[in-house]
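Naming convention: chains lettered A, B, ... in sequence-line order (proteins, then strands); numbering from 1 in each chain. Computed over heavy atoms, backbone and side chain alike; hydrogens, waters and symmetry mates excluded.
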There are 2 protein chains.
Amino acid sequence: MSYDLNKFFKAISDPTRVKIMELLKDKEMNVGEICQHFEMQQPSISHHLSILKNADIVKDRKQGKEVFYHLDSICIVNCCSGFQRQFVEQKE
Amino acid sequence: MSYDLNKFFKAISDPTRVKIMELLKDKEMNVGEICQHFEMQQPSISHHLSILKNADIVKDRKQGKEVFYHLDSICIVNCCSGFQRQFVEQKE
DNA sequence: AAATTATATAGATATATTCCTATGTGTATA
DNA sequence: TATACACATAGGAATATATCTATATAATTT
């Protein structure tokens, strides 16, 4: 699978979305739980989640009425190290 | 020295600026030379260069009338690998 | 000193982004 | 089946961003 780097970096260049990523670092959370960590309204959080999902940074899983989100660390590693390699020589 | 990750990722989430970075990958270039690789007007390129400079991604060097820009690969490595480490466990 | 050259800054406009409120959709429950 | 709940989508307003043209600045040349 191949990632859209521009989409990835646009996604992570917003503090709210980075904070969501931090929340999802160790455990999955549903939208309501995520919302509790912000002042923002739920639709705004849903919007940020859709941007993260569209950039392949998070995946979701439906369970009844709820939607659980979790980080896809493979995407993060792939995009960050890929971009880095694009500009910097590797030391062997 | 400490980098502003949000500023860094905002800077690299624009295709024009990434293309400028690619041009500066192996050699320094002055503004006029950089402009030749784009359809865009010179002030727009200057604007992009100032964003890259402000994010510490490029450094500049004045020589007479000209300003030469070059990549700061330390910044790139530091920000990319720093962000990655923030979210992904290292394998030892 | 005046003209030229290289780059930066200022101001305007079009588009993109972020947030809100209102409403739609799908699932569970009474 | 009607209602409630969890989340997503739509539409609008405020702000940010990218681009342009015009002009300022600073160094060089005539």
Side-chain angles (χ1 to χ4, degrees), chain A residues 3-24 27-72 79 83, chain B residues 3-24 27-72 79 83:
Chain A
Y3 298 104
D4 181 330
L5 282 182
N6 187 52
K7 206 181 266 185
F8 175 81
F9 290 124
K10 272 213 161 108
I12 67 172
S13 56
D14 177 273
T16 300
R17 290 194 287 269
V18 172
K19 190 174 165 193
I20 291 175
M21 289 171 69
E22 281 162 358
L23 290 172
L24 298 179
K27 56 182 177 305
E28 65 172 12
M29 292 177 74
N30 65 33
V31 178
E33 289 169 334
I34 296 170
C35 284
Q36 289 173 357
H37 293 82
F38 296 88
E39 306 288 303
M40 214 168 285
Q41 297 306 303
Q42 172 268 318
S44 301
I45 297 297
S46 275
H47 179 239
H48 285 301
L49 285 168
S50 83
I51 290 172
L52 288 170
K53 184 181 168 185
N54 192 248
D56 298 308
I57 295 169
V58 302
K59 305 249 180 276
D60 63 350
R61 174 179 74 83
K62 271 157 234 209
Q63 181 183 297
K65 290 183 285 193
E66 299 164 50
V67 179
F68 285 88
Y69 283 88
H70 63 274
L71 264 194
D72 180 356
C79 290
F83 185 81
Chain B
Y3 299 104
D4 181 331
L5 282 183
N6 187 52
K7 206 181 266 184
F8 175 82
F9 290 124
K10 273 215 160 107
I12 68 172
S13 57
D14 177 274
T16 300
R17 290 193 287 269
V18 172
K19 191 174 165 194
I20 291 175
M21 290 171 69
E22 280 162 359
L23 291 171
L24 299 179
K27 56 182 178 304
E28 66 173 11
M29 292 176 74
N30 66 33
V31 178
E33 289 169 333
I34 296 170
C35 284
Q36 289 172 358
H37 293 81
F38 296 88
E39 306 288 303
M40 214 169 285
Q41 298 305 304
Q42 172 268 318
S44 301
I45 297 296
S46 274
H47 178 238
H48 285 301
L49 285 167
S50 82
I51 289 172
L52 288 170
K53 184 180 168 185
N54 192 248
D56 298 307
I57 295 169
V58 301
K59 305 249 180 276
D60 64 350
R61 174 179 74 83
K62 271 156 233 206
Q63 181 183 298
K65 290 183 284 193
E66 300 164 49
V67 179
F68 286 88
Y69 283 88
H70 63 275
L71 265 194
D72 180 356
C79 290
F83 185 80

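Counting to the nearest Å, the C1' atom of C:dT17 and the CZ atom of B:Phe9 are 19 Å from each other. Atom NE2 in B:His47 sits roughly 16 Å away from atom P in C:dA12 (whole-Å rounding). Summarising the geometry, the separation between NZ on B:Lys65 and C1' on C:dA8 is reported as 16 Å, rounded to the nearest angstrom. As a whole-Å value, the separation of A:Asp60 CG from C:dG26 P is 15 Å.
Among the protein residues, B:Phe38 comes within range of no part of the nucleic acid, since none of its heavy atoms lies under 4.0 Å from any strand. Across all strands, A:Lys10 comes closer than 4.0 Å only to sugar-phosphate atoms, never to a base (heavy-atom distances). Residue B:Ile34 is classed as having no contact, given no heavy-atom separation below 4.0 Å to the nucleic acid. Looking at heavy-atom distances under 4.0 Å, A:His48 makes contact with sugar-phosphate atoms alone, never a base.
Side-chain nitrogen and oxygen atoms of A:Ser44 include at least one within less than 4.0 Å of the OP1 or OP2 phosphate oxygen of C:dC20.
The residue among B:Ile51 and A:Tyr69 whose nearest nucleotide of DNA chain D lies closer to the 5′ end is A:Tyr69.
The span of DNA chain D lying next to chain A, judged by atoms under 4.0 Å from heavy atoms, is bounded 5' to 3' by D:dC5 to D:dT9.
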Under 3.5 Å, which donor-acceptor pairs do the side chains of residues 9-22 of chain B form with other protein atoms, sequence neighbours left out?
from    : atom 1 : to      : atom 2 : distance (Å)
B:Ser13 : OG     : B:Phe9  : O      : 3.0
B:Ser13 : OG     : B:Lys10 : O      : 3.0
B:Asp14 : OD1    : B:Thr16 : N      : 3.0
B:Asp14 : OD1    : B:Arg17 : N      : 3.1
B:Arg17 : NE     : B:Ala11 : O      : 2.7
B:Arg17 : NH1    : B:His48 : ND1    : 3.0
B:Arg17 : NH2    : B:Lys10 : O      : 3.2
B:Lys19 : NZ     : B:His37 : O      : 2.9
B:Glu22 : OE2    : A:Gln86 : NE2    : 2.8

